[in-house]
Protein chains: 2
Amino acid sequence: MKRKITLKQIARELDVSISTVSKALRNSIEISEDTREKVQAFAKLYNYRPNNIALSLKNRKTKTIGVIIPEIVHHFFSKVIRGIELVANKRGYNVIVGLSNESFDKEVINMQMLANGSIDGFILSISKETLQQQDYHHFKETISQGMPIVMFDRVVNEINCDKVIIDDLKGSKNAVNKLLANGCKNVAIITTKDYVSVGKLRTQGYLEALDDYKMSPKADLILKVDDALVSEDHLASLELEIEALFKKNNAIDGVFAVNELYAIIAMKVARNLGMKIPEDIQFIGFTDGVLSKHATPSLTTVNQHGQEMGEKAAGLLIDNLERDDEEEHYQTIIIETELVERNSTK
Amino acid sequence: MKRKITLKQIARELDVSISTVSKALRNSIEISEDTREKVQAFAKLYNYRPNNIALSLKNRKTKTIGVIIPEIVHHFFSKVIRGIELVANKRGYNVIVGLSNESFDKEVINMQMLANGSIDGFILSISKETLQQQDYHHFKETISQGMPIVMFDRVVNEINCDKVIIDDLKGSKNAVNKLLANGCKNVAIITTKDYVSVGKLRTQGYLEALDDYKMSPKADLILKVDDALVSEDHLASLELEIEALFKKNNAIDGVFAVNELYAIIAMKVARNLGMKIPEDIQFIGFTDGVLSKHATPSLTTVNQHGQEMGEKAAGLLIDNLERDDEEEHYQTIIIETELVERNSTK
DNA sequence: ATTCACAGCGAAAACGTTTTCGTGTTGACA
DNA sequence: TGTCAACACGAAAACGTTTTCGCTGTGAAT
């Protein structure tokens, strides 16, 4: 087991100074061609690579970006990571991942672990618990220490930084409009409690679409699910809630759900109640994932373009890192959503 | 924007030496209680944290582990990452992620980027292209430079290192046994080309199960799909292949697929051909994911316990890193699979 | 013969830590 | 008063780079 070779060792072997070796390897004209060739040959032979950590320390940058997401076993977030990784790698950066697991504490801890020199900047999506507690001091501190942050998807106005979001309002409005245009008279929405910003916005889009069609919203048609319950195995209770929704209101002929899973489950419940999709009732879900594509019937969705979000976020961050002017001019990039029509709508 | 504070700055402000500050912060008894308190108060006030990069350089370890996987938008791999992250964090390590995207070159590049001091060890699953080319020099080099590797899922005998795998043979044999025990007389298998080691093993399990039941395999019942074609949008051709399989062999009453997607698609094709699931035909897929759970009917699967694989792999790696004896004694941990029975089987 | 330019190289600082080894000051004791 | 331990602290090296600056020697120009 031969340890990685260093400049010092090469210098000793070749009986020159460390500076000479360093310069020779970088093809400095200060060094004679003879010496250069000798050093380079030796370096290649022993497969020399500069130690990244030493470089990071010297340059005071790590060429690494930290990503903190609430959950990785999730189609949307993993697509975002793929996007981040893609442009990060292309531009010579590494990606280090932290999972908050939707917990405030883990989010804080993770950020602290990374903020001490390990990375040059953050890309993150805020955990639900943080959103609920509305405690954003860790973001502010990080930024005030000169470490840039790019937030995506779940963002918050209170923090001044680059952001990449989708137009949740417009996306859901479009979706509901589609249902209405398809002839639905009683469109229900399955959404989350309001502290999840995207849930709130998507609900608002629903309301605006109704308004466009001069329909007044009915409380009976709005189901606000407590996300905490949906943690994997409480799905059964969700089914019951949806079943109750349908039974209480048997004129429902359209459903808009703020995520894929809610929509899929709602379809299942509807089918069990004997309704035909899309003849009797039509469905649209927000967030396009594997489930939607392979469900029966396949689900019409609002595609969020997760990978593109990741790409844009990484671009924003790296641009920021590599810009030398210190002026703050934060941008918010809005990614357009796209209605992917499948078989759950007419 | 106040830059992160360093020992040197604290020392200057408090008019003591750097060593004193360092010792005071670590509560060394060398330093008088007075000074200690003064320093610690100051450090807390300015929120001092030791610079990780400097520590890494000094200690010659980064407390970071590198993970290289072929794809992240994938239920299994993201579960593995979650497992890795879980134990890594618990033991004070960070996780840096590289995606090979199933490409040999990207795998090599990624490993080189990380092997130069950025990480202490690797956890990886080999890309398909690498498996196909059977070129493993980058693994050997990495290991010979003293950087430990733990391979999971897609491993290769040729490389001597810790491994975490599942018993693909046993898992698929159990699955096919289940179908046979349920009365299936003509069980088809939908698998991959043989260079994917897991595909090969799972096929073998299928054959052994048949053998147990004194059935001889029929070439007509074995469909080997070219993975390259399944890249997202060539699914249509896969459907055609499966349809052909069913039509050529209309006695098929059981299907074992080596992954979830193949099984789901096969179910769809079967349904379109008018077969009833599970009455006329039963299905089992390898790899338990979201699709299986929410499909209609829900799919019986062989659960691989991805998260557990990740946890074990990380445990193995960190144990190795923190062990001081230099003896090599590589282990291979086998994770038991589990048959998750749902509605696609009787 | 003196100066000068220039080529070729080395010393040292810097990045931020930790740790080993000194060093100076006290107080106690003989 | 002289010796010695204990105490409190500082200097410096080390981790592996890059870069600035200075040094030496050679050949040419005056």
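Side chains included, hydrogens not; waters and symmetry mates left out as well; all remaining heavy atoms used. Everything numeric here is computed off the predicted structure, so don't read it as measured data. Every chain is numbered from 1 and lettered A, B, ... according to where its sequence line falls, protein lines coming before strand lines.
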Inset, instruction - Rounded to the nearest 0.5 Å, what's the gap from CD on A:Glu311 to NZ on A:Lys79? Could you check? - result: 10.5 Å
Inset, instruction - Using a strict 4.0 Å threshold on nitrogen-to-oxygen distance, state whether A:Lys38 and A:Asp15 make a salt bridge. - result: no
Legend entry - Residue mapping more 5' on DNA chain D - nearest nucleotide basis, B:Lys23 or A:Arg26: B:Lys23
Inset, instruction - Show the numbers, then the answer: is there a side-chain contact (heavy atoms from CB on, under 4.5 Å) between A:Lys163 and A:Ile334? - result: CA-CA 8 Å; A:Lys163 288 161 192 161; A:Ile334 297 178; over 6 Å; no
Inset, instruction - Using a heavy-atom cut-off of under 4.0 Å over every strand shown, decide if B:Ser22 touches base, sugar-phosphate, or nothing. - result: base
Inset, instruction - Mind checking A:Ser32 for me? I need base, sugar-phosphate or nothing, with any heavy atom below 4.0 Å counting as a touch. - result: sugar-phosphate
Inset, instruction - Quick one: label B:Lys8 by what it contacts on the DNA or RNA (base, sugar-phosphate, nothing), any heavy atom closer than 4.0 Å. - result: sugar-phosphate
Inset, instruction - Select base, sugar-phosphate, or nothing to describe what B:Arg36 touches, counting heavy atoms under 4.0 Å on all strands. - result: nothing
Legend entry - First of B:Glu30 and B:Lys58 reached from the 5' end of DNA chain C, by closest nucleotide: B:Lys58
Legend entry - Side-chain donor or acceptor of B:Glu107 paired with backbone N/O of B:Ser127 under 3.5 Å: yes
Inset, instruction - Could you tell me whether a side-chain N or O of A:Ser144 sits under 3.5 Å from a main-chain N or O of A:Glu141, the two making a donor and an acceptor? - result: yes
Legend entry - Sugar-phosphate, base or nothing in reach of B:Ser56, heavy atoms under 4.0 Å: nothing
Inset, instruction - Classify the nucleic acid contact of A:Leu7 as base, sugar-phosphate or nothing, counting any heavy atom under 4.0 Å across all strands shown. - result: base
Inset, instruction - Mind checking B:Thr6 for me? I need base, sugar-phosphate or nothing, with any heavy atom below 4.0 Å counting as a touch. - result: sugar-phosphate
Inset, instruction - Extract, from 5' to 3' on DNA chain D, the first and final nucleotides lying under 4.0 angstrom from some heavy atom of chain A. - result: D:dC15 to D:dC21
Inset, instruction - Provide, to the nearest angstrom, the distance between the CD1 atom belonging to A:Ile29 and the P atom belonging to C:dC6. - result: 12 Å
Legend entry - B:Lys140 versus B:Asn160, side-chain donor and acceptor atoms under 3.5 Å: no
